[in-house]
Amino acid sequence: MRRKIVAGNWKMNTNVAEGVSLAKDVVAKLNEVPQDVNLIIAPPFTHLVSVAEAIKGSKVALSAQNCADEVKGAYTGEVAVSMLQSAGCTYTILGHSERRQYYGETSEKLVKKMRLALEAGISPIFCVGEMKEERLANKHFDVVEAQIKEVLFELSAAEVANVVIAYEPVWAIGTGLTATAEQAQEIHAFIRKVVADKFGAKVADDMSILYGGSCKPSNAKELFACKDIDGGLIGGAALKAEDFIAIAQSY
Ligand code: PEP
């Protein structure tokens, strides 16, 4: 079944104590969030175990921001999916544009990461989205379709059923610019169609597709009202519990 999801990507922000305190603030406000809205937080790796403890017993789920493309061994600096699982993660963000842009994340690597995460029972929040020049050249549909084909199409329908997609136009991430509800709805519907054409209507209908890119309390309502937008992947506004909860209340 398609689920409403509000996920917070903390990126490389907060120290462990600040992260635990933010997680506790989110948990303390959960009674303000509609029952059917699922909350996920994605702190840095160093915080996972402590944040898992802080959210224990609540409905907030834990996500990583990345994972290794190998199972274990001599890969200095990497974090394996089994480690994420043992830290309490049930999700991991994969293919975020910052990883694609600054760390050379390729579709080939992402296929490996997606498979490993899914095998470990961790649902990937798979990010796609075009750059500003691509949007201006009207290439956004092609770019997003290629990102989906290169990664998701390598997986089975059963695997894809456990994937959440986040559409994040790169020009809207951290810039204060947001896609209009019309722009976002148009491409979310397109993404659902690409998934439906390959994996069938049921997988596509059941898939949660989140919008990301300067989503905040003032614009979340309009975005979440769109038929094919099932919530948000939130960066900056997830660092303040009130804003993150206010976004979750926008449904
Ligand atoms: C993100 O990077 O996933 C994101 C959506 O960031 P922001 O909300 O800050 O634009």
Side-chain angles (χ1 to χ4, degrees), residues 4-14 18-19 22-23 26 37-45 47 51 60-67 89 91-105 110 113-114 117 123-132 134-135 140 143-144 147-148 151 163-181 183-185 187-188 191 208-224 226 228-251:
K4 296 174 177 175
I5 297 175
V6 175
N9 174 13
W10 294 3
K11 310 192 185 191
M12 198 171 72
N13 292 297
T14 71
E18 288 162 350
L22 174 55
V26 168
V37 177
N38 297 276
L39 292 186
I40 302 172
I41 51 179
F45 287 135
H47 304 24
V51 169
V60 182
L62 190 63
S63 175
Q65 299 174 16
N66 184 27
C67 70
C89 291
Y91 292 88
T92 184
I93 297 170
L94 285 176
H96 191 280
S97 63
E98 286 153 16
R99 296 222 50 92
R100 293 179 190 260
Q101 254 182 300
Y102 309 139
Y103 301 98
E105 189 98 291
L110 283 169
K113 292 182 179 194
M114 296 280 283
S123 295
I125 302 172
F126 174 60
C127 304
V128 295
E130 79 285 354
M131 317 272 279
K132 188 175 175 194
E134 294 165 336
R135 164 73 59 170
H140 45 294
V143 170
V144 167
Q147 289 169 334
I148 292 174
V151 179
V163 173
V164 173
I165 294 185
Y167 167 66
E168 300 204 302
V170 181
W171 48 271
I173 295 179
T175 57
L177 297 172
T178 316
T180 63
Q183 286 172 324
Q185 165 56 29
I187 199 142
H188 278 235
I191 291 170
S208 297
I209 307 177
L210 315 183
Y211 169 79
S214 300
C215 185
K216 40 190 180 261
S218 58
N219 59 24
K221 205 178 177 101
E222 200 188 349
L223 288 159
F224 296 174
C226 299
D228 289 290
I229 300 182
D230 307 309
L233 179 55
I234 318 299
L239 294 170
K240 268 176 105 187
E242 300 106 82
D243 287 353
F244 186 58
I245 293 292
I247 290 171
Q249 284 175 321
S250 303
Y251 270 113

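As the structure is a prediction and not an experimental result, all values here were calculated from the model. Computation of the quantities below employed the complete heavy-atom set of this structure, encompassing side-chain atoms and omitting hydrogens, waters and symmetry-equivalent molecules. Both ligands and their constituent atoms are indexed starting at 1 by order of listing.
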heavy-atom search around atom 5 (C) of ligand 1 in the protein gives E168 OE2, 3.1 Å
The closest protein heavy-atom partner of atom 2 (O) of ligand 1 is K11 NZ, 2.5 Å
*Mind running side chain to side chain donor-acceptor pair (under 3.5 Å) on E105 and H96 for me, showing each step along the way?*
CA-CA 9 Å; E105 189 98 291; H96 191 280; over 6 Å; no
Checklist line | CD (E222) with more than 12 external heavy atoms under 6.0 Å | finding: no
Inset, instruction - Walk me through it: do L177 and S214 pass the test side-chain contact (heavy atoms from CB on, under 4.5 Å)? - result: CA-CA 6 Å; L177 297 172; S214 300; 5.6 Å; no
Heavy atom of A172 under 4.0 Å from ligand 1? yes
Inset, instruction - Walk me through it: do L22 and I41 pass the test side-chain contact (heavy atoms from CB on, under 4.5 Å)? - result: CA-CA 10 Å; L22 174 55; I41 51 179; over 6 Å; no
Contact between ligand 1 and S214 is defined here as a heavy atom of the residue under 4.0 Å from a ligand atom; is it met? yes
Closest heavy-atom pair, A64 versus F45, reported as atoms and distance to 0.1 Å, is CB-CE2, 3.9 Å
Q. In this structure, are over 12 heavy atoms from other groups packed under 6.0 Å from K240 atom NZ?
A. no
The answer for which part of N9 has a heavy atom under 4.0 Å from ligand 1 is side chain
Ligand 1 to L233, heavy atom cutoff 4.0 Å, flagged ligand atoms 3 (O), 5 (C)
Inset, instruction - Would you check whether I234 has a nitrogen or oxygen atom less than 3.5 angstrom from a nitrogen or oxygen atom of ligand 1? - result: no
Taking only non-hydrogen atoms of H96 and a 4.0 Å limit, the atoms of ligand 1 in range are 1 (C), 2 (O), 3 (O)
The atoms of ligand 1 lying under 4.0 Å from a heavy atom of G174, numbered in the order shown, are 7 (P), 9 (O), 10 (O)
Quiz prompt | Aromatic ring pairing H188/Y167, orientation class (parallel under 30°, perpendicular over 60°, tilted between) | solution = perpendicular
Side chains of L223 and T178, heavy atoms from C-beta outward: is any pair under 4.5 Å? yes
| request: Please confirm whether K216 comes under 4.0 Å of ligand 1, counting heavy atoms of the residue only. | output: no
N or O pair under 3.5 Å between T175 and ligand 1
no
closest protein heavy atom to atom 8 (O) of ligand 1 is G235 N, 2.8 Å
For G213, the ligand 1 atoms with a heavy-atom partner under 4.0 Å come out as 5 (C), 10 (O)
Quick note on ligand 1: atoms under 4.0 Å from a heavy atom of G236 include exactly 7 (P), 8 (O), 9 (O)
Exercise. Checking side-chain contact (heavy atoms from CB on, under 4.5 Å) for the pair W171/E134: CA distance, chi angles, key distance, verdict?
Worked result: CA-CA 10 Å; W171 48 271; E134 294 165 336; over 6 Å; no
